[in-house]
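What you see is a predicted model; the values in this text were computed from it and never measured. Only heavy atoms go into these numbers, but all of them, side chains included; no hydrogens, no water, no symmetry mates. Reminder, nothing fancy here: chain letters follow the sequence lines and each chain counts from 1.
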2 protein chains.
Amino acid sequence: MARTQGITIKDVARRAGVSITAVSHALNGKGTLSAATREHIRTVADEMGYEADALARGLRRSTMGAVGLVLRSLDALGDYAPAGVDVFERFVGVAASQALARGLSVMLVPDLTRTPVPPLAFSMDGYIVTDPHLDDPVVALLEKRGIPYVTYGRVPGRPDFPHWASEDNVASARQILAHLEAGGARSVALVRGTDPNAWNLELQDTYLSWCAERGTAPRLYELAERAGVEGGVELAGRITDDGIPDAVFCLTGRHAAGVQQGLMARGVGVPERTMVVAGSDSEHARNSRPAISAVELNPVASVGALLDILQALVAGEEAHSPRLTRARLRLRGSTRR
Amino acid sequence: MARTQGITIKDVARRAGVSITAVSHALNGKGTLSAATREHIRTVADEMGYEADALARGLRRSTMGAVGLVLRSLDALGDYAPAGVDVFERFVGVAASQALARGLSVMLVPDLTRTPVPPLAFSMDGYIVTDPHLDDPVVALLEKRGIPYVTYGRVPGRPDFPHWASEDNVASARQILAHLEAGGARSVALVRGTDPNAWNLELQDTYLSWCAERGTAPRLYELAERAGVEGGVELAGRITDDGIPDAVFCLTGRHAAGVQQGLMARGVGVPERTMVVAGSDSEHARNSRPAISAVELNPVASVGALLDILQALVAGEEAHSPRLTRARLRLRGSTRR
DNA sequence: CTAGGAAGGTAAAACGTTTTATACAATCCC
DNA sequence: GGGATTGTATAAAACGTTTTACCTTCCTAG
């Protein structure tokens with residue numbers, strides 16, 4: 001219906017006085033046409049405002065110029081419209097605009113394994129999956145279907161899988177911990193989420209190693225991603241009951257904001273008595289009082305890397321991966337001493 | 001490439017011992033097959049895990065089961081990954097999950113008029129355009145191409161165009177103004193954005209009428225959407241210089257947060273000396289001190305209405321539009337007296 | 001003078017569906 | 001008993017591309 005009044009290759013061919021093949025070849029830079037003919041056809045096509053139908057093209061070429069995007073982490077949150085989870089919201093925006101710059105479309109697929117599966121889902125050239133879980137069914141499905149995919153963050157349990165990119169989580173964690181240590185912190189508690197994704201797992205591992213290196217006992221708390229700020233407030237009670245640490249390192253901005261709020265409500269001064277820091281920046285971290293130091297992720301660089309890898313994969317070229325991007329530690333009041 | 005190993009209708013036909021036509025008819029509930037054959041074919045198809053190729057289907061049917069989404073307001077912001085603009089981020093998430101529930105895909109198209117245009121863009125069944133501008137080129141393009149579209153918010157300058165839905169902005173504005181009045185406010189300043197979209201225009205009109213009805217002089221300020229919180233802080237200076245109003249009604253949460261911050265920095269107490277309220281809720285509004293009263297939009301209802309209209313349009317049925325949804329005023333500290 | 005390229009172009013098959021038109025029985029009606 | 005009707009199924013066209021294979025014509029080398 002939408003396409004009925006479109007200009008087809010046939011129209012261009014007729015108008016240019018050549019065959020359909022000639023038009024296709026001219027426009028795609030193939031075949032053995034003379035430069036003059038090629039130029040002529042291009043002119044006519046431009047004049048007529050011809051644009052090849054993506055469907056028909058995809059049918060033959062079986063490449064669509066479109067990639068799917070699955071936000072695993074939002075799926076886990078259940079509610080698909082959580083407020084203040086800006087990491088992924090920004091990721092979507094960046095992915096859309098960067099893909100456009102490369103002439104690709106981005107299709108949003110909430111969860112590829114839930115029915116009904118969107119009709120186009122399996123026609124995508126490839127997929128970007130953010131934060132796959134351990135034994136992620138979405139990854140398994142893509143694998144089974146033979147659809148190329150890249151992941152934002154390592155695939156847990158698959159150390160061999162190379163096609164991923166993300167910020168250097170280990171470096172970020174090290175940088176944060178070094179910063180806290182420089183501020184005089186000896187005991188640091190870690191608050192991680194419950195999703196078994198690379199984000200939670202890698203940062204936890206780094207933290208544990210850091211503790212081991214220093215011979216200090218780790219203090220590890222788990223807090224469901226969906227618990228949000230309120231969960232953090234509550235958790236602050238448990239943390240103080242267990243003895244106030246010199247610093248609390250929360251993996252998400254929402255949890256950090258909640259924990260800080262909870263600590264202060266209990267009379268624990270931040271940053272005087274204990275410091276708070278977030279592993280990923282967010283509105284919550286920025287808008288807290290004091291503002292919370294946090295790692296600002298780098299969606300622009302990460303999405304760029306992911307698209308590089310995915311495009312190579314789709315083209316059947318060798319992908320140059322994994323790739324790590326640089327995050328940046330934003331120092332704010334919550335760790336200023 | 002991704003589709004090479006797929007099971008085609010031909011495979012199913014062979015296995016079921018019938019013609020291709022029979023399979024198509026059985027699966028789509030068309031034609032004049034006997035119940036027995038139909039059932040048999042369905043069973044075989046299920047067994048083989050057959051799924052019709054969306055491209056080939058789209059090529060014939062010219063309906064794709066996919067809609068495009070253009071976020072006009074984000075285009076206007078330039079940066080496609082602005083932090084803390086949660087209205088649209090939520091909108092995207094809601095649109096994706098609601099569309100999925102209806103068996104539709106959502107394709108994100110940053111700006112349909114910028115090149116390169118994503119290949120699939122013109123193959124979509126229809127479009128959702130959020131907050132179209134006055135003389136919006138995206139709308140013009142869709143119109144010219146004959147692609148069905150619905151808009152989130154009225155199309156400015158086209159009072160005749162019926163295919164839109166949104167929260168009832170007029171009612172929201174009235175509700176806010178009534179609330180301020182009940183709190184004792186006589187003079188209310190309005191801070192609107194600069195984009196010429198229905199949101200800014202309708203709320204402004206309602207405000208002006210309200211002032212006229214009361215015989216009070218309107219105090220209207222314009223602040224570019226992209227000015228964000230900082231812009232609000234600065235604007236607070238101008239507002240106080242012009243004489244402190246009883247309340248400031250900002251159309252966006254970011255501006256409200258900035259204005260409130262700026263007012264308080266100048267020693268103007270909120271809510272004691274003047275009240276602050278936001279036309280759309282956001283992280284900024286929620287996390288300010290005091291928290292800012294704001295209208296919580298209703299993306300779930302609005303997206304639902306938009307999809308209803310769009311589906312009717314695509315099916316060639318009569319659309320039942322426009323449709324207004326209910327927003328909700330969240331009262332917080334910034335207006336509590 | 002002719003075999004063999006090269007240069008420039010096209011016809012037709014293919015992609016996987018849906019849809020239109022048609023074929024073949026079996027049944028019915030008068 | 002013959003034409004019309006009904007019930008079931010299929011062949012083939014169509015959708016708009018890309019790609020494969022082939023066809024001219026013209027030139028050149030032997």
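Figure legend: A:R154 and A:F161 shown without cation-pi pairing, the cationic atom not lying both under 6.0 angstrom from the six-membered ring centre and within 45 degrees of its axis.
Here the nucleotide nearest the side chain of B:Y50, chosen from D:dA12, C:dA11, C:dT17, is C:dT17. If you check C:dA11, C:dG16, C:dT20 against the side chain of B:A56, the one that comes closest is C:dG16. The side chain of B:A22 approaches D:dT10 more closely than any other nucleotide in the set C:dT18, D:dT10, C:dT17. The side chain of A:R57 has D:dT17 as its nearest neighbour among C:dG8, C:dT19, D:dT17. When each of D:dA9, D:dT18, C:dT17 is scored by its nearest atom to the side-chain atoms of B:L33, the top-ranked nucleotide is D:dA9. In this structure, the nucleotide among D:dA9, C:dA11, C:dT17 sitting nearest to the side chain of B:S34 is D:dA9. Side-chain proximity of B:L59 to the nucleotides D:dA9, D:dT19, C:dG16 is greatest for C:dG16. Listed nucleotides C:dG16, D:dT20, C:dT19 differ in distance to B:T8; the shortest reach to its side chain belongs to C:dG16.
Rounding to whole angstrom units, CD of residue B:E39 and C1' of D:dA9 are separated by 18 Å. D:dG7 atom C1' lies 12 Å from atom CZ of B:R38, rounded to whole Å. When the C1' atom of D:dT10 is taken as reference, atom NZ of B:K10 falls 15 Å away, rounded to whole Å. We find that CG of B:L120 is positioned 14 Å from P of D:dT17, with the value rounded to whole Å. Taking atom CG on B:L27 and atom C1' on D:dA9, their separation rounds to 16 Å, with Å as the unit. In this structure, A:M64 atom CE and C:dC15 atom C1' are separated by 13 Å, rounded to whole Å. The separation between A:R61 atom CZ and C:dA13 atom P is 22 Å, rounded to whole Å. Taking atom CZ of A:R60 as the reference point, atom P of C:dA13 lies 13 Å away to the nearest angstrom.
Checked by distance alone, B:S19 brings no side-chain donor or acceptor within 3.5 Å of a matching partner on the base of D:dA11. Judged by distance alone, with hydrogens and angles left aside, A:T32 brings a side-chain donor or acceptor within reach of the base of C:dG8, the pair sitting under 3.5 Å.
Here A:K30 does not reach the OP1 or OP2 of D:dT18: none of its side-chain N or O atoms lies under 4.0 Å away. Note on B:T37: a side-chain N or O is less than 4.0 Å away from OP1 or OP2 of D:dA9.
Relative ring orientation between B:Y152 and B:F91 is described as tilted, the plane-to-plane angle lying within the 30° to 60° band.
The backbone N or O of B:V129 lies less than 3.5 Å from no partner atom in the side chain of B:T151, so there is not a single donor-acceptor pair. In this structure, the side chain of A:N28 engages the main chain of A:S24 through a donor-acceptor pair within 3.5 Å.
One distance of note links CG of B:L55 with CE of A:M64; it measures 4.0 Å at 0.5 Å rounding.
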